[in-house]
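Working notes for the structure below.
From a predicted model like this one, the values you see are computed outputs, not experimental measurements. Ligands are counted one by one from 1 in listed order, and the atoms in each one are counted from 1 as well.
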Amino acid sequence: MTIATPAWSLTENASLRHLNTFHVDAHAPRMLRVADPAALPEALAAVADADLLVLGSGSNVLLAADPEDVVLVFENREISALEHRADHTIVRAGAAVIWHELVMWSLNEGLSGLENLALIPGTVGAAPIQNIGAYGVQVGEFIQTVEAWDRQQQCWVRLDQDACQFAYRDSLFKHEADRYLITAVEFRLPLLHELQLDYAGIREELQAMGIELPVSADVANAVIAIRRRKLPDPDVLGNAGSFFKNPILPLEQVDVLLQHYPELPVFPGNGDSNRKVSAAWMIEKAGFKGQRDGDAGVSPNHALVLVNHGNAGGAELLAFARRVSAAVLEKFGVPIEPEPRLVGARW
Ligand code: FAD
Ligand code: EPU
């Protein structure tokens with residue numbers, strides 16, 4: 001059965017191999033594509049109370065099994081400047097806009113803020129879900145409003161920055177999974193702001209590029225160069241970026257770890273009483289960097305990146321990830337948790 005209207009379409013038995021960056025060969029019983037979000041309530045009515053999974057680019061999901069029923073994909077890709085003020089511009093982007101394209105668009109418009117977040121895969125609609133972050137910046141700092149359809153209350157909502165409860169790889173949307181279908185995000189982007197150059201590697205990269213007084217576009221280029229060197233390209237080697245979050249631990253536990261492992265990289269946590277520690281370092285020391293079992297493995301370039309060397313299934317990748325986390329727990333006494341959403345499995 002296929003239903004096609006100008007605003008949305010519904011098809012059966014859709015392959016998801018190109019809709020997840022692990023390239024797991026999964027299928028959706030039904031696929032709902034929505035080009036015009038205004039028609040979302042009507043499109044949802046056509047699938048009644050079906051189990052629903054929203055996918056953007058699938059760069060932060062592990063499909064351990066086929067989704068139960070409907071996979072919803074947005075196709076609205078407009079970017080527009082809503083308001084120009086003396087020191088900032090409000091920018092609105094549709095859920096299906098590719099994140100990196102928004103970053104480049106904003107830099108071309110002379111706007112700042114998103115430069116450290118260049119080249120993160122995925123869509124604008126997914127960016128608030130885990131509050132994407134890189135090189136000392138998190139997207140929540142620049143989000144003014146998230147527009148969504150609230151499936152629980154059956155109404156449109158506009159959530160401001162506080163309501164989104166942004167934290168490290170966390171937000172309201174993770175706690176109320178699948179309640180909010182995000183259709184657009186509005187950003188408040190400054191014309192000028194203090195560049196964030198403190199994350200290890202950025203100043204060195206700028207120096208190597210011969211840039212002494214960087215502007216936002218230079219920082220974006222530096223971040224792009226570092227990322228291309230460090231992270232495997234999902235088009236070449238299936239992966240979902242960092243597979244584990246960096247654990248946030250109480251200060252006392254970090255002190256004990258540092259007594260045993262003085263080289264453990266430690267970063268600020270969310271306050272004075274805790275610190276974030278490097279999961280990549282612990283995985284490498286547990287001996288898993290570059291290891292593989294069949295087609296499931298850990299990248300030889302970055303220990304935090306679980307990779308699919310070819311035809312690993314989602315369950316196989318998950319089993320390998322469990323071995324990695326068990327080894328880290330045994331060696332360091334630290335539990336590590338997956339960052340991507342697990343579909344069809346619990347951690
Ligand atoms: P998907 O993977 O499709 O979905 C992710 C989650 O969001 C799912 O729960 C999904 O249901 C939900 N979702 C998606 N769209 C919507 C919507 N419109 N409404 C409601 N829910 C929705 N992340 C970082 O934070 N920092 C990084 O530096 C980073 N680097 C990466 C590097 C690589 C090589 C890869 C492959 C991934 C990286 N990631 C990083 C993870 C990923 O890019 C982000 O999490 C991104 O936001 C996921 O976008 P997506 O469109 O692919 O979302
Ligand atoms: N490290 C190792 N071994 C490795 C890789 C890294 O010991 O194989 C050590 C490095 O020496 C460094 C530390 O780990 O001291 C941190 O490495 P890196 O700068 O690469 O950052 P990360 O903690 O591994 C985080 C994010 C990334 C983000 C980068 C840059 C998480 C879970 N991951 O990675 O986000 O791009 O910082 O800000 O917070 C993602 O979320 O998918 C992602 C890629």
Does A303 reach ligand 2 with a nitrogen or oxygen that is under 3.5 Å from one of the ligand's nitrogen or oxygen atoms? yes
May I ask you to check if ligand 2 and K245 share an N or O to N or O distance below 3.5 Å? no
Selection from [options] by shortest heavy-atom distance to [atom]:
atom: atom 26 (N) of ligand 1; options: G94, G133, A134, A177; value: G133
atom: atom 11 (O) of ligand 1; options: L62, N20, V54; value: V54
atom: atom 46 (C) of ligand 1; options: P37, P121, S242, A118; value: P121
atom: atom 1 (P) of ligand 1; options: A240, A95, G58; value: G58

Below 4.0 Å from any atom of ligand 1, is there a heavy atom belonging to R227? yes
Does ligand 1 have any atom sitting under 4.0 Å from a heavy atom of Q138? no
Measuring from the heavy atoms of K285, does anything fall under 4.0 Å of ligand 2?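 Contact check K285 vs ligand 2: negative.
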Which protein heavy atom lies closest to [atom], and at what distance to 0.1 Å?
atom: atom 42 (C) of ligand 1; answer: S59 OG, 3.3 Å
atom: atom 13 (C) of ligand 2; answer: S278 OG, 3.6 Å
atom: atom 3 (O) of ligand 1; answer: G56 N, 2.7 Å

So, regarding Q130 and ligand 1 (criterion: nitrogen or oxygen to nitrogen or oxygen, under 3.5 Å), is there a contact or not? yes
Closest approach of I129 and K174, non-hydrogen atoms and distance?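 Scanning both residues, the minimum pair turns out to be O-CG, 3.4 Å.
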Lys/Arg cation over aromatic Y168: K276, 6.0 Å, 45° cone: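 Judged by the rule (NZ or CZ under 6.0 Å from the ring centre, within 45° of its axis), K276 counts as positioned above Y168.
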Would you say atom 10 (C) of ligand 2 touches the protein, meaning some protein heavy atom is under 4.0 Å from it?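 Under 4.0 Å from atom 10 (C) of ligand 2, zero protein heavy atoms found.
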Distance-only donor-acceptor check, side chains H84 and E109, under 3.5 Å: no
Between V305 and ligand 1, find which residue part has any heavy-atom pair under 4.0 Å and reply side chain, backbone, both or neither. neither
Is it the side chain, the backbone, both or neither of F74 that has a heavy atom closer than 4.0 Å to ligand 1? side chain
Near T123 (heavy-atom distance under 4.0 Å), the atoms of ligand 1 are 49 (O), 50 (P), 51 (O)
